[in-house]
Amino acid sequence: MEELQNFRPTKAVIDLKAIQSNVSNLRKHLHSDVHIMAVIKANAYGHGDIRVAEVALKAGATMLAVATPEEALHVRQFIADAPILILGAVPVHFAPYAAKYNITLTVFSTEWLEQVAALAPQFEKPLLIHLKVDSGMGRIGVRTAEELHAVYEAAQLENVIVDGIFTHFATADEEQTTFYEHQLATFKKLVASLPKKPRIVHAANTAASLVKEHVQFDAVRFGISLYGLSPSPYVEEHLPYDLRPAFSLETELVHVKQLHKGDTVGYGATYEATEDEWIGTIPVGYADGVIRALANQEFLVQGMRAPIVGRICMDQIMIKLPKKMSVGERVVLIGKQGNDEITMQEWASRLNTIVYEIPCMLTPRIPRVYKA
Ligand SMILES: *Cc1c(COP(=O)(O)O)cnc(C)c1O
């Protein structure tokens with residue numbers, strides 16, 4: 001339908017060149033035989049899974065990782081060849097689909113494998129699995145050598161191949177390394193205890209791939225920095241190369257008016273003008289993920305900061321303009337304008353959370369448009 005275009009001016013602009021540069025810089029930073037697994041779970045942290053996957057693969061990634069069967073199947077519809085690993089637990093009845101569509105599964109349970117044993121002889125193609133070791137994250141995975149060996153034995157099935165083994169760090173983004181070292185030692189010991197090393201051993205997330213030297217193994221799982229964001233302020237200060245944020249959020253003024261002393265703005269009439277003020281309205285709100293807790297956040301207009309006034313509404317927000325402006329004036333909620341920039345970290349600090357949450361919370365109502 002021709003009418004299916006974006007009429008509302010609110011949009012997320014994804015800079016694909018930034019993603020390409022983040023991957024090719026990582027490629028140069030890593031040993032040449034280490035695979036880059038681009039982590040594109042949660043619709044590529046809100047950036048758009050397919051477009052990000054295509055660019056990451058072109059720039060040097062050789063594998064993809066997602067969180068759920070649904071995400072894997074979505075990616076497989078568009079990307080025919082690259083291996084896709086599902087990082088989370090999956091139900092037994094997904095195994096035949098995983099085998100059919102060349103989707104690699106994370107496995108850590110003998111019971112799971114015993115149930116899959118009944119299905120495996122009918123698989124169209126061999127099922128690839130990566131064993132998961134819980135070396136201290138306390139999430140999913142085997143915790144002891146005994147458990148690992150039991151799972152490894154149970155995986156010796158027709159049509160099932162133990163292709164990899166991995167673990168996940170809880171503190172790789174922190175300066176303190178004791179817990180990280182402990183996890184690394186535990187993981188190495190467990191891997192070494194296997195009768196045969198699986199093809200791909202991997203442990204590093206973004207933080208470990210960027211700031212820890214000896215943890216590259218055969219592959220690294222590159223998530224947050226693929227998008228140009230630092231996993232933590234500590235990593236931000238120790239980056240081996242500059243990251244380029246890919247995501248900006250922008251809209252336009254749809255109404256501009258002058259208020260006089262005593263006039264109020266928004267639900268609850270919580271904001272009251274103290275003098276003659278120019279107030280602009282932008283068509284974006286908490287239904288887009290610009291949640292009410294962002295009250296007091298500033299946005300950029302003509303390179304100047306304009307604070308939110310009054311409560312954030314479901315679909316609209318009012319901002320105090322530095323001067324009279326025209327309808328149609330561009331407003332940047334995240335990104336650069338003039339000499340200033342509003343980073344996702346600024347939003348995250350205001351919301352007392354981590355930068356990961358920001359692109360994930362911006363809802364599908366915001367169209368993602370791509371800049372090549
Ligand atoms: C999400 C996730 C990653 C990616 O982590 P980043 O910090 O974004 O690089 C890597 N491994 C696992 C198991 C994950 O769940």
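Indexing begins at 1, ligand by ligand and atom by atom, following the structure's order.
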Practice item. Walk me through it: do R305 and E346 pass the test salt bridge (charged side-chain N to carboxylate O under 4.0 Å, His left out)? Key: CA-CA 13 Å; R305 286 189 170 239; E346 181 176 332; 2.9 Å; yes
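In this structure, the side chain of E124 does not engage the main chain of A99 through any donor-acceptor pair within 3.5 Å. Looking only at distances, no side-chain donor or acceptor of R51 sits under 3.5 Å from a matching main-chain atom of Y370. A donor-acceptor pair is defined here as one N or O able to donate and one able to accept, closer than 3.5 Å; such a pair exists between the side chain of T106 and the backbone of I86.
The shortest N/O to N/O separation between F166 and ligand 1 does not fall below 3.5 Å. For the pair K132 and ligand 1, the shortest N or O to N or O distance does not fall below 3.5 Å. Residue I224 has at least one nitrogen or oxygen atom sitting less than 3.5 Å from a nitrogen or oxygen atom of ligand 1, judged on distance alone.
The protein non-hydrogen atom at the shortest distance from atom 7 (O) of ligand 1 is Y356 OH, 2.6 Å. Summary of contacts: the protein heavy atom closest to atom 11 (N) of ligand 1 is R221 NE, 2.7 Å.
Using cut-offs of 30° and 60° for the angle between ring planes, the F179 and H182 rings count as tilted.
Proximity to K41 (heavy-atom distance under 4.0 Å) selects the following atoms of ligand 1: 1 (C), 2 (C), 3 (C), 14 (C), 15 (O). Ligand-side atoms of ligand 1 in range of Y45: 1 (C), 4 (C), 5 (O), 6 (P), 8 (O), range being under 4.0 angstrom from any heavy atom.
At least one heavy atom of R139 sits less than 4.0 Å from an atom of ligand 1.
Counting non-hydrogen atoms of other residues, nucleotides and ligands closer than 6.0 Å to NZ of K17 gives a total of 12 or fewer.
Applying the salt bridge (charged side-chain N to carboxylate O under 4.0 Å, His left out) rule to E277 yields the partners K320; only residues at least two apart in sequence or on another chain are considered.
Under 4.0 Å from ligand 1, the heavy atoms of H168 that appear belong solely to its side chain. Within the 4.0 Å heavy-atom criterion, the part of L87 lying near ligand 1 is the side chain and not the backbone.
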